Every structure is written in structure tokens, then in C-alpha cells.
Novice: 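Supplied in C-alpha cells, the structure appears directly below.
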Amino acid sequence: MGAEAGKSVDRRHVLVLVAMCGLTMVSLGLVLKLSGLFFTPVAAEFGCGRGEVSLSLTVVNLASALAGLVVVRLLRHMRLRPLVALGTACAAGGTALLSLAQGLPVLYLLSAVQGFGAGLIGSVLVTDVIGNWFVGRRALAVSVAFGSSGIAGAVFSPLVSWVIQSVGWRVAYLASGSIMLALCLPALLVGIARTPEELGLAPYGANSQERRATRTAAPPSRGGLAGVLYFAFAATMVTAVPHHFPGIAGAYGLAASVGALMISVCMAVNTCGKFALGWAIGRFGLRTAAVADVALVAGGLVLLSVAHGVPGVFVSAALVGCSYSAVTVLLSSLVRAMFGDEGYGRAFPKANLASTLGTAVGAPFIGFAFDVTGGYTLALLALAACALAGLGTVLRLPRCSRQE
């Protein structure tokens, strides 16, 4: 039965992918993308600055990164469903309880709970499970899971924004928690496991002999890990650029609506680009697809530094949108290709932490560079150079990665 399942998609493989999509919609989509909607109304009621409220998102990111460091270790001692239940309770429950917050200390505390839960069911767990269930078309499966997070943000952000405007932010927090719980239900109710072998199945695209070879593919190396950590940090710094699109548009003498449309273009590529990269990895190999993706991102940054009009800024925004694929689909595939399944559980949580640090550093780096130079050119070119330097890690890969 197991060998046969490795040749075709069993119904359980599909259910696992659907469940993982639900978890990424919560951990990478709603927890992060809905936070900004609450900054203004919460600050107004608490009588404090928006900056103080926005620190809650920093707390969420840090707590999520810390949870990512321990989730693989927890999986060795817990079954998948109890761990998902714990993560769901923290993420969805913490979000709902935010409706009761009366001040910043409680806001920060519950944000830590929310972030920790998101980290438990976030990218580390999702890529670990998908990596166990899929050998053939693994990158495509990862891209589907991560791509769904952007769809969740696009679908539910307007809905939650309407609830805030109609009945207030407290009810909106309750609604957000309920949505998160609903999206986690497939992973809670469907009988899935961390590995297909636990259910008498084989991974899609590999028989048991191939599976054993993949699990011991490559031993971790410090040099390789350092390269991956740098790649994760540099690639994630680039994802801070879209936050400055309105400011960039203004600096170029363009209307505010242009900056907003740049963000829309970038987010569209954010979702579609993940699917495209997953397909490209399967079609051309990880090394070729990775070089192309990094080159597109760097090219977009350089173009944005010199193209000060329409449609140049829109083309640049689209190319910068490829950076989101680099820090999700590409990073996961890169770590697994370099370290194999055995080393993945040790290396990817560290890469995830480096990615979080890149998020924290990127936005202020661009802002301070603007304050010092009076423009965005230096920051954009510096980020392009950092992205290209990350190709050193990519070029260590063989031309065709058997991991994908």
C-alpha cells in the first residue's frame, strides 16, 4: 500500500495540503496581516500613540520566532493534532481575548500568546509536514500552502476592516479569532499525521527506499548554515520595501494613489509568484529557479531606484513582490536541499529566526537611510547588493536538486 501511495496522490495527501493551507492562512496571513487594521482604533481608545500599539506586532513576531525554534523538538514528543490544538488555542484564543484588553500591558501579553501560537502552527511546522508527505512536487505543495496566506489576507482584511468600522475593534478581534479557529479546523478534525508512514502511506513521489535516501541526504555544515542564515536575513529585509511604497511615490512626485496601487501590484505578485516559483523549481530545478528569482528581485530594486515615473514604478513593484517567494518557498526548499530531511529540523527554525530579524531591521534601515540621504536610492541599491550576495548560498547547490 505504501509503495503504491508513493506513485499517486492519495486522498489523505490532499487533506494534508488543505490542512496546511488553513494553518498558513492563520499564522502567516491573518495574525500578521490583520494586525495593522487595529493600530489606529486601539490607540484612539487607549489614548496612546500608534507606535506604542504597533509594538504589539513586534511582540507577535518575536514570540512566533521563539516558538519556531522549539516546534520541531515538540513534534518529536507530541503527536501532530495536540500540537496544532495548542497552537490554535493560543493564536485564535489570544486574538479573541484581545477584545478584552484595557491597556498596553495586556495588549502586549496577549500579543505574545497570539504570536507563540502562530509560531507553533507556522512555517516551521507546515514545511516539516509537507516535506514528510511530499517528495515529488514538494516545492509546488509548499508554494500552494504559502500562497494561501496571501489569499487569506486579501479576502479577510476588507471584512475585518468593515467590522471595525461598523461595530468596533473589540468585536472585530472576536470575529478574527473565530475565523482563525474555522481555518484551523481541517488540521484538527481530519485524521492526519506528521508523516505518512504513521498512517501506512508513502510520501507522494517516492517509494520507501527513496524516502530513506532523502532523509539522510546531507549532513549539516556550519558554513552552509551561515550562508542560509544570511540569505534568510537579506531576503526578508527586501520585503520591508513595500511598506515604503507610499513614501517612495511621494518622493518621486507621484500621487498617493500610485503608492497604494504599487502595494496592490506587489501583493498580487506575492501570491501568484509563490505558485510560479513552486512550478519553476519542479520544472527547471532549484538552483536555476532560485537564481532567476533573486535576479528579478535585485533588478526590481535597481529599477525602482532610477525609474521615477509610471509605469516604471509598477514594474518595479511587481519585481520586488518576488521577494516574498524567496523568503517562503525558496528558503524552505534551499534549507532542505542543503541539509536533507534529517538536518532540516535543526536548520530551518534558525533560518526562520534570521528571517524574523530581517523583518525587524529592514523597515527602519530604509527609513534611517532616507533621513540621512534625503532619498531612497542608497537603501534600494544596498538591498539589491545584499540580495545578490545571497546568490553565493544558492550557487553552492547542484544544477538540478534531487530534493525537488
Side-chain angles (χ1 to χ4, degrees), residues 22-64 87-119 121-122 148-185 239-240 242-247 256-257 259-268 270-271 359 363:
L23 296 186
T24 58
M25 284 181 175
V26 172
S27 60
L28 303 180
L30 302 187
V31 169
L32 298 179
K33 291 180 172 60
L34 297 186
S35 296
L37 300 176
F38 293 89
F39 292 165
T40 299
V42 172
E45 181 165 330
F46 286 1
C48 62
R50 297 179 191 178
E52 293 175 282
V53 176
S54 67
L55 281 176
S56 63
L57 184 56
T58 302
V59 173
V60 168
N61 279 306
L62 291 176
S64 178
T88 301
C90 291
T95 301
L97 288 174
L98 281 167
S99 64
L100 303 177
Q102 299 294 332
L104 291 174
V106 175
L107 181 74
Y108 295 154
L109 175 62
L110 290 175
S111 294
V113 173
Q114 180 193 46
F116 189 81
I121 59 175
S148 65
S149 65
I151 296 173
V155 171
F156 292 110
S157 289
L159 174 62
V160 173
S161 179
W162 175 82
V163 174
I164 292 174
Q165 295 173 8
S166 300
V167 291
W169 62 270
R170 295 186 183 276
V171 176
Y173 268 132
L174 288 173
S176 299
S178 300
I179 293 171
M180 292 177 188
L181 176 61
L183 290 173
C184 291
L185 285 179
T239 62
H243 295 295
H244 290 272
F245 279 167
S257 59
L261 189 54
M262 288 172 67
I263 295 176
S264 298
V265 171
C266 184
M267 291 301 105
N270 170 18
T271 299
T359 303

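All heavy atoms count here, side chains included; hydrogens, waters and symmetry mates do not. Keep in mind the model is a prediction, meaning the values are calculated, not measured.
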Novice: With no hydrogens and no angle check, just 3.5 Å: does a side-chain donor-acceptor pair link Ser148 and Thr24?
Specialist: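 The criterion, which ignores hydrogens and geometry beyond distance, is satisfied for Thr24 and Ser148.
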Novice: When you measure from the side chain of Ser99 to the backbone of Ala96, do you find a donor-acceptor pair of N or O atoms at a distance under 3.5 Å?
Specialist: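 Yes, the answer is positive, given that a donor and an acceptor are paired below the 3.5 Å cut-off.
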Novice: Any side-chain heavy atom of Trp169 sitting closer than 4.5 Å to one from Val163?
Specialist: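 The answer is no; the side chains never approach within 4.5 Å.
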Novice: Do Glu52 side-chain atoms and Gly49 backbone N/O form a donor-acceptor pair below 3.5 Å?
Specialist: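 Here the side-chain-to-backbone pair exists.
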Novice: Just verifying a value: how many Å separate Ser178 OG and Leu183 CG, rounded to the nearest 0.5 Å?
Specialist: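 Separation between the atoms: 11.0 Å.
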Novice: Can you see which heavy atom on Cys266 is nearest to which on Pro242, and at what distance?
Specialist: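 Smallest heavy-atom distance, with atoms named: SG-CG, 3.5 Å.
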Novice: Please round to the nearest 0.5 Å and tell me the distance separating atom CG of Leu37 and atom OG of Ser176.
Specialist: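 Reported value, rounded in 0.5 Å steps: 8.0 Å.
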Novice: How far apart are the closest heavy atoms of Val113 and Gly94, and which atoms are they?
Specialist: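 Minimum heavy-atom separation between Val113 and Gly94: CG1-CA, 4.4 Å.
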Novice: Kindly compute the distance separating CZ (Phe116) from CG (Leu62), expressed to the nearest 0.5 Å.
Specialist: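 Separation between the atoms: 13.5 Å.
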Novice: Measure across Cys48 and Val53 and return the closest heavy-atom pair with its distance rounded to 0.1 Å.
Specialist: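 Looks like SG-CG2, 3.7 Å.
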Novice: Side chains of Met262 and Val265: does their closest heavy-atom pair fall under 4.5 Å?
Specialist: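 Contact flag for Met262/Val265 side chains = no.
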Novice: Using the side chain to side chain contact (heavy atoms under 4.5 Å, CB included) definition, which of the options Thr58, Val60, Leu55 pairs with Tyr108?
Specialist: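 Passing option: Leu55.
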Novice: Between Ala118 and Ala91, which heavy-atom pair has the shortest distance, and what is it?
Specialist: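 Heavy atoms of Ala118 and Ala91 come nearest at N-CB, 3.9 Å.
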Novice: Can you name the one residue among Thr88, Leu23, Val31 that meets side chain to side chain contact (heavy atoms under 4.5 Å, CB included) with Met180?
Specialist: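 Answer to the side chain to side chain contact (heavy atoms under 4.5 Å, CB included) test with Met180 among Thr88, Leu23, Val31: Val31.
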Novice: Calculate, to the nearest 0.5 Å, the distance between atoms OG1 and CZ belonging to Thr95 and Phe38 respectively.
Specialist: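 If we round to the nearest 0.5 Å, Thr95:OG1 and Phe38:CZ are 8.5 Å apart.
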Novice: CG of Leu97 to CG of Leu109: how many Å apart, nearest 0.5 Å?
Specialist: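 If I round to the nearest 0.5 Å, the distance is 10.0 Å.
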Novice: Measure the spacing between CG of Leu30 and CE of Met25 and express it to the nearest 0.5 Å.
Specialist: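 So the CG of Leu30 and the CE of Met25 are separated by 8.5 Å.
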Novice: Find out whether Phe245 and Leu261 are in side-chain contact, i.e. whether some heavy atom of one side chain is under 4.5 Å from a heavy atom of the other.
Specialist: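 No, side chains not in contact.
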Novice: Is the backbone N or O of Trp162 less than 3.5 Å from a side-chain atom of Ser166, with the two atoms forming a donor-acceptor pair by type?
Specialist: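 It does hold such a pair.
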Novice: So which atom in Val26 and which in Cys184 form the shortest heavy-atom distance, rounded to 0.1 Å?
Specialist: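 Of all heavy-atom pairs spanning Val26 and Cys184, the closest is CG2-SG, 3.8 Å.
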Novice: When you measure from the side chain of Arg170 to the backbone N and O of Ile164, does any donor-acceptor pair fall under 3.5 Å?
Specialist: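 It does not hold such a pair.
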